[in-house]
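Reviewing the structure listed below.
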2 protein chains.
Amino acid sequence: MNAPVSSPSLTKNQTLVFDVLSRSEAPMSAYTILDKLRDHGFRAPLQVYRALDKLTELGIVHRLESLNAFVACAHRESTCCGAGHGHGTVAFAICESCGQVSEFHDHEVDHRLGDWARGRGFRPAKTTIEIRGLCRGCAA
Amino acid sequence: MNAPVSSPSLTKNQTLVFDVLSRSEAPMSAYTILDKLRDHGFRAPLQVYRALDKLTELGIVHRLESLNAFVACAHRESTCCGAGHGHGTVAFAICESCGQVSEFHDHEVDHRLGDWARGRGFRPAKTTIEIRGLCRGCAA
DNA sequence: TTAATTGCGTTATGCTATAACGTGTGCCAT
DNA sequence: ATGGCACACGTTATAGCATAACGCAATTAA
């Protein structure tokens, strides 16, 4: 019985979606989440997407662009830089064999990309970094 | 009248798709490409997707994961590291206002991500780096 | 020749995401 | 308190992205 790690101010739907994602080992698509929540009264994709929008906005859920899927943020509180979930860009390593996802953060990469942007007058809003390949276990 | 910059060994469909992408300022979705090629006999999405698969495999077209769209590679021949289009990871800055896309390459970022992967025994197959935001002109 | 590979065309289908409508609820400035 | 606003919610319909599965034709290798 894992006690769900929900933030206080989430609505019922947001909490349900976040809990499903938190308990999942692998990333989940919006429709997979929907199916998991039918028993809780979910009927339509929008219910999921609206919750996901809010959760990603809060930074406690991430969207994996190359997978069209979502994961709960792996950072338990302010692990490194900013406070809470306000940290910078997060990167992901995605195993194409077992589906496992590792979330990490690299200051140096962040800075380099930031420098490039500054040099061009480009104002970054959201940065996606995803490495797809094989994890140690699957590459063996 | 721009002479298309097609590689020699492309099939007719691949050449058509590549030329459409090359001439486009902005990234294009597969369905947009399809519409542009109806006059050339294209009828179904698969004709486009199959060509795109080959072109991305050759490295002369890139897929923008956060946009579900495609662009012709901006590197005119071996601009920096490897020969031809065999270079490492490419990064993109995507303006959410005007749609303009800048392709660039950063060794340092590449190395950092490579180091992280090596340290974890992760074997990278394809890496996606996309910065979404506002370009100089649109941020003003 | 035979078999393997690759590309092609077509139909059908599945997955991902949002538009547009209306409802209800809480808040708070008037 | 009441009107207005912001926000979450539920529902239906639709749009947009991608692939499965079939069969055929051309090319190449054994």
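Throughout, a chain's letter reflects where its sequence line sits, starting with A, and its residues are numbered from 1. Keep in mind that this is a model prediction, so the values were computed, not measured.
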query = What does B:Arg43 touch in the nucleic acid at a heavy-atom separation under 4.0 angstrom: a base, only the sugar-phosphate, or nothing?
reply = sugar-phosphate

remark   = In whole angstroms, the gap separating C1' of C:dG24 from NZ of A:Lys12 amounts to 15 Å

ask   = So what does B:Ala30 touch, heavy atoms closer than 4.0 Å: a base, only the sugar-phosphate, or nothing?
value = nothing

N or O in side chain of A:Thr11 less than 4.0 angstrom from D:dA8 OP1/OP2 = no

request  = Please determine if a side-chain N or O atom of B:Gln47 lies less than 4.0 Å away from the OP1 or OP2 oxygen of C:dC8.
outcome  = no

Length of the line joining B:Glu65:CD and D:dA18:C1', which is rounded to integer Å = 13 Å

message = With a sphere of 6.0 Å drawn around CZ of B:Arg63, does it hold more than 12 non-hydrogen atoms of other residues, nucleotides or ligands?
response = yes

task = Apply side-chain contact (heavy atoms from CB on, under 4.5 Å) to A:Leu37 and list each qualifying residue two or more places apart in sequence or on a separate chain.
result = A:Leu16, A:Val17, A:Val20, A:Ile33, A:His40, A:Phe42

request  = Using whole Å, report how far CG of A:Asp53 lies from C1' of D:dC7.
outcome  = 14 Å

message = Does C:dG7 have its OP1 or OP2 closer than 4.0 Å to a side-chain nitrogen or oxygen of B:Lys54?
response = yes

A:Asp115/A:Arg112 ion pair, N-O < 4.0 Å = no

ask   = Within the structure, does a side-chain N or O atom of A:Asn68 lie under 4.0 Å from either OP1 or OP2 of D:dC17?
value = no

task = Measure from CG on B:Leu67 to P on D:dG16 and round the result to the nearest Å.
result = 15 Å

task = Taking only the side-chain heavy atoms of A:Pro45 (C-beta and beyond), determine which of C:dT10, D:dA8, C:dT18 contains the nearest atom.
result = C:dT18

Integer-rounded Å distance: D:dA15 P and A:Leu46 CG = 16 Å

remark   = From the candidates D:dT11, D:dT19, C:dT11, the one with an atom nearest any side-chain atom of A:Arg50 is D:dT11

OP1 or OP2 of D:dG10 under 4.0 Å from side-chain N/O of A:Asn13 = yes

task = Please lay out, stage by stage, how B:Glu65 and B:Lys126 fare under the test salt bridge (Lys or Arg N to Asp or Glu O under 4.0 Å).
result = CA-CA 12 Å; B:Glu65 301 288 353; B:Lys126 197 211 170 194; 3.6 Å; yes

inquiry  = Please report the distance, rounded to the nearest Å, between CG in B:Leu52 and P in D:dT19.
reply    = 10 Å

query = OP1, OP2 of D:dA18 versus side-chain N and O of B:Arg63: anything below 4.0 Å?
reply = yes

From D:dT19, C:dT16, D:dT12, nucleotide with atom closest to B:Tyr49 side chain = D:dT19

request  = Fit a plane to each ring of B:Tyr49 and B:Phe70, take the angle between them on a 0 to 90° scale, and name the class: parallel (under 30°), tilted (30 to 60°) or perpendicular (over 60°).
outcome  = perpendicular

task = Could you state the atom-to-atom distance from CG of B:Leu37 to C1' of C:dG9 in whole Å?
result = 15 Å

Whole-Å gap separating C1' (D:dC9) and CG (A:Leu16) = 13 Å

request  = Could you check which of C:dT16, D:dC9, D:dA18 has an atom nearest any side-chain atom of A:Gln14?
outcome  = D:dC9

message = Looking only at the side chains, is there a donor atom on one of A:Glu130 and B:Thr128 sitting less than 3.5 Å from an acceptor on the other?
response = no

inquiry  = From C-beta outward on B:Tyr31, which listed nucleotide comes closest to its side chain: D:dC17, C:dT16, D:dT11?
reply    = D:dC17

